[in-house]
Colleague: 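Structure incoming, see below.
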Amino acid sequence: HGSVGNNFNNRYIILWETEGKDVFKIDSSMIQNNAFDFGNKEYELGFYALSINNGANSVAVILNPDEGDVELNIVGGRLSSGTKSVNSKENEGWYTYAPIETAHFNKVKELRKGMKDPAVKARVQKLIDAEEDKLLEVQHNLIKQYPGTYLAKIMTWKQTKWHDDKARYW
């Protein structure tokens, strides 16, 4: 359950089960009085998604039966940048990490554009490696901050030495 801004009243918020890039609608709730509630249901441990009116306006959420009731506060118009966890350590950590990872991938993507010039390729690779090390440090810190959580397990999985080799990682 959770709270949302005024601009979402009388719309549906939808809970999606995720399997890779595939999503399956599993529940919905009408937003009334700036609040939504999916009822007292237990979901399997994992990543799910919330969206407004089936749209592209969505955000990932970790549901963990050990946490019981997960309460989220959605501020602003974009779920991906305006969702905060009220009582879930899993999602508190995830909403800390997700924008850092997005910024990291955007920066690395921009740096890779400079690798086309052979004269600076080695220097650009060092910059990319430094960015990878920064993200790795964030992941290590989250593992320490949220030990024993699904989030910590996800952060561990993200640290595979083959993360840039799609044949091995995916």
Side-chain angles (χ1 to χ4, degrees), residues 1-6 8-9 11-105 132-164 166 168-170:
H1 76 275
S3 61
V4 296
N6 286 330
F8 294 121
N9 274 327
R11 291 186 177 178
Y12 281 95
I13 188 164
I14 300 167
L15 179 64
W16 303 87
E17 184 175 1
T18 61
E19 289 182 18
K21 292 186 178 189
D22 296 327
V23 293
F24 308 94
K25 181 179 175 179
I26 58 173
D27 208 345
S28 64
S29 173
M30 174 71 80
I31 299 169
Q32 296 177 327
N33 299 318
N34 302 330
F36 64 92
D37 192 341
F38 293 109
N40 191 15
K41 299 174 186 169
E42 187 172 304
Y43 297 99
E44 290 183 33
L45 174 65
F47 272 99
Y48 293 78
L50 290 174
S51 73
I52 302 289
N53 289 349
N54 287 325
N57 190 3
S58 66
V59 65
V61 60
I62 298 172
L63 296 181
N64 184 339
D66 292 341
E67 288 189 328
D69 186 35
V70 173
E71 183 176 353
L72 303 174
N73 181 12
I74 302 169
V75 295
R78 299 290 317 151
L79 273 62
S80 59
S81 61
T83 302
K84 306 292 180 216
S85 173
V86 175
N87 65 345
S88 165
K89 291 294 182 188
E90 298 276 10
N91 289 292
E92 176 184 287
W94 179 250
Y95 297 138
T96 298
Y97 178 74
I100 293 169
E101 183 182 64
T102 299
H104 163 77
F105 287 135
E132 295 289 345
D133 289 343
K134 286 180 194 176
L135 186 64
L136 192 63
E137 183 178 344
V138 169
Q139 293 168 348
H140 281 294
N141 289 338
L142 288 170
I143 291 167
K144 288 178 193 170
Q145 190 174 354
Y146 301 99
T149 63
Y150 185 69
L151 173 72
K153 185 180 282 188
I154 294 296
M155 293 299 109
T156 303
W157 288 343
K158 287 179 170 284
Q159 294 179 9
T160 178
K161 62 183 176 181
W162 299 301
H163 67 89
D164 57 353
K166 288 184 180 179
R168 288 184 169 171
Y169 186 67
W170 301 108

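For clarity, every value in this text was computed on a predicted model and none was experimentally measured. Because only heavy atoms are used, hydrogens play no part in the values below, and waters and symmetry mates are left out as well, while side chains stay in.
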Colleague: So with a 6.0 Å cut-off around CG of Asn40, is the heavy-atom count from everything else above 12?
Modeller: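 Open: at most 12 neighbouring heavy atoms sit under 6.0 Å from CG of Asn40.
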Colleague: Are any side-chain N or O atoms of Thr149 and backbone N or O atoms of Tyr146, one a donor and one an acceptor, separated by less than 3.5 Å?
Modeller: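 Yes, because the side chain of Thr149 sits within donor-acceptor range (under 3.5 Å) of the backbone of Tyr146.
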Colleague: Does Ser3 offer a backbone N or O that forms a donor-acceptor pair with the side chain of Asn34 under 3.5 Å?
Modeller: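 Judged by distance alone, no pair lies under 3.5 Å.
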Colleague: Working to the nearest 0.5 Å, report the span between CH2 of Trp16 and CG of Leu50.
Modeller: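 Trp16 atom CH2 to Leu50 atom CG measures 11.0 Å (nearest 0.5 Å).
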Colleague: Contact between Lys84 and Leu72 at the side-chain level, heavy atoms closer than 4.5 Å - yes or no?
Modeller: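 The answer is no, as the side chains (C-beta and beyond) never meet within the 4.5 Å cut-off.
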Colleague: So which heavy atom on Asp69 is nearest to which on Asn87, and how close?
Modeller: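 Heavy atoms of Asp69 and Asn87 come nearest at O-ND2, 2.8 Å.
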Colleague: Tell me which one of Ile31, Val75, Asn73, Thr83 satisfies side chain to side chain contact (heavy atoms under 4.5 Å, CB included) with Val4.
Modeller: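 So, applying the side chain to side chain contact (heavy atoms under 4.5 Å, CB included) to Val4 and each of Ile31, Val75, Asn73, Thr83, only Ile31 qualifies.
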Colleague: Do the side chain of Ser28 and the main chain of Ile13 share a donor and acceptor less than 3.5 angstrom apart?
Modeller: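 Here the side-chain-to-backbone pair does not exist.
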Colleague: Can you confirm whether Asn91 sits close enough to Leu151 that some side-chain heavy atom of one is under 4.5 Å from a side-chain heavy atom of the other?
Modeller: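 The answer is no, as the side chains (C-beta and beyond) never meet within the 4.5 Å cut-off.
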Colleague: Measure the OG1-CD distance between Thr96 and Glu101 for me, rounded to the nearest 0.5 Å.
Modeller: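 Going from OG1 on Thr96 over to CD on Glu101, the span is 13.0 Å.
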Colleague: When you measure from the side chain of Asn57 to the backbone of Gly77, do you find a donor-acceptor pair of N or O atoms at a distance under 3.5 Å?
Modeller: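 Yes, the answer is positive, given that a donor and an acceptor are paired below the 3.5 Å cut-off.
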Colleague: Which atom names give the shortest non-hydrogen contact between Ser88 and Val70, and what distance separates them?
Modeller: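 Taking every non-hydrogen atom into account, CB-CG1, 4.0 Å.
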Colleague: Would you say the side chain of Gln145 lies within less than 4.5 Å of the side chain of Asn141, judging by non-hydrogen atoms?
Modeller: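 No, side chains not in contact.
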Colleague: Please name the pair of heavy atoms, one in Glu44 and one in Pro65, separated by the smallest distance, quoted to 0.1 Å.
Modeller: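 That closest heavy-atom pairing would be C-CD, 4.3 Å.
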Colleague: With rounding to the nearest 0.5 Å, note down the distance linking CD1 in Ile100 to CD in Glu137.
Modeller: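 Between atom CD1 of Ile100 and atom CD of Glu137 there are 10.5 Å.
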Colleague: Report the C-alpha distance between Gln159 and His140 in whole Å, list the side-chain angles of each, state the deciding distance to 0.1 Å, and finish with yes or no for side-chain contact (heavy atoms from CB on, under 4.5 Å).
Modeller: CA-CA 9 Å; Gln159 294 179 9; His140 281 294; 3.4 Å; yes
Colleague: Can you check whether Gly39's main-chain N or O pairs, donor with acceptor, with Asp37's side chain at less than 3.5 Å?
Modeller: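 Yes, because the side chain of Asp37 sits within donor-acceptor range (under 3.5 Å) of the backbone of Gly39.
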Colleague: Within the structure provided, determine whether Leu142 and Trp94 are in side-chain contact (heavy-atom separation under 4.5 Å).
Modeller: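 No, every pair of side-chain atoms sits at 4.5 Å or beyond.
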Colleague: Could you grab the distance from atom NE2 of His104 to atom CG of Leu135, nearest 0.5 Å is fine?
Modeller: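 Here the interatomic distance stands at 4.5 Å.
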Colleague: Rounded to the nearest 0.5 Å, how far apart are OG of Ser81 and OH of Tyr95?
Modeller: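 Reported value, rounded in 0.5 Å steps: 11.5 Å.
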Colleague: State, to 0.1 Å, how close Lys41 and Asp27 come at their nearest heavy-atom pair, and which atoms those are.
Modeller: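 Nearest pair, atom of Lys41 first, then Asp27: NZ-OD2, 2.6 Å.
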Colleague: Distance-only, no hydrogens or angles: does the Glu90 side chain make a donor-acceptor pair with backbone N or O of Ile62 under 3.5 Å?
Modeller: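 Not a single qualifying donor-acceptor pair exists.
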Colleague: Do the non-hydrogen side-chain atoms of Leu63 and Leu15 ever get within less than 4.5 Å of each other?
Modeller: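 When only atoms from C-beta onward are counted, Leu15 and Leu63 do touch, with a gap below 4.5 Å.
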Colleague: Can you check side chain to side chain donor-acceptor pair (under 3.5 Å) on Tyr43 and Glu17, steps first, answer last?
Modeller: CA-CA 9 Å; Tyr43 297 99; Glu17 184 175 1; over 6 Å; no
Colleague: For the pair Leu79 and Ile52, evaluate side-chain contact (heavy atoms from CB on, under 4.5 Å) and give the outcome as yes or no after the intermediate values.
Modeller: CA-CA 8 Å; Leu79 273 62; Ile52 302 289; 3.6 Å; yes
Colleague: Any side-chain donor-acceptor pair under 3.5 Å between Tyr97 and Gln139?
Modeller: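 Distance-only check passes for Tyr97 and Gln139.
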Colleague: May I ask you to check whether Phe38 and Phe36 place their ring centers less than 6.0 Å from one another?
Modeller: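 Ring centres of Phe36 and Phe38 closer than 6.0 Å.
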Colleague: Are any non-hydrogen side-chain atoms of Thr156 and Ile143 less than 4.5 angstrom apart?
Modeller: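 Thr156 vs Ile143: side chains touch.
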Colleague: Starting at CG of Leu45, measure out to CG of Asp66 and round the result to the nearest 0.5 Å.
Modeller: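 Interatomic distance, Leu45 CG to Asp66 CG, rounded to 0.5 Å: 7.5 Å.
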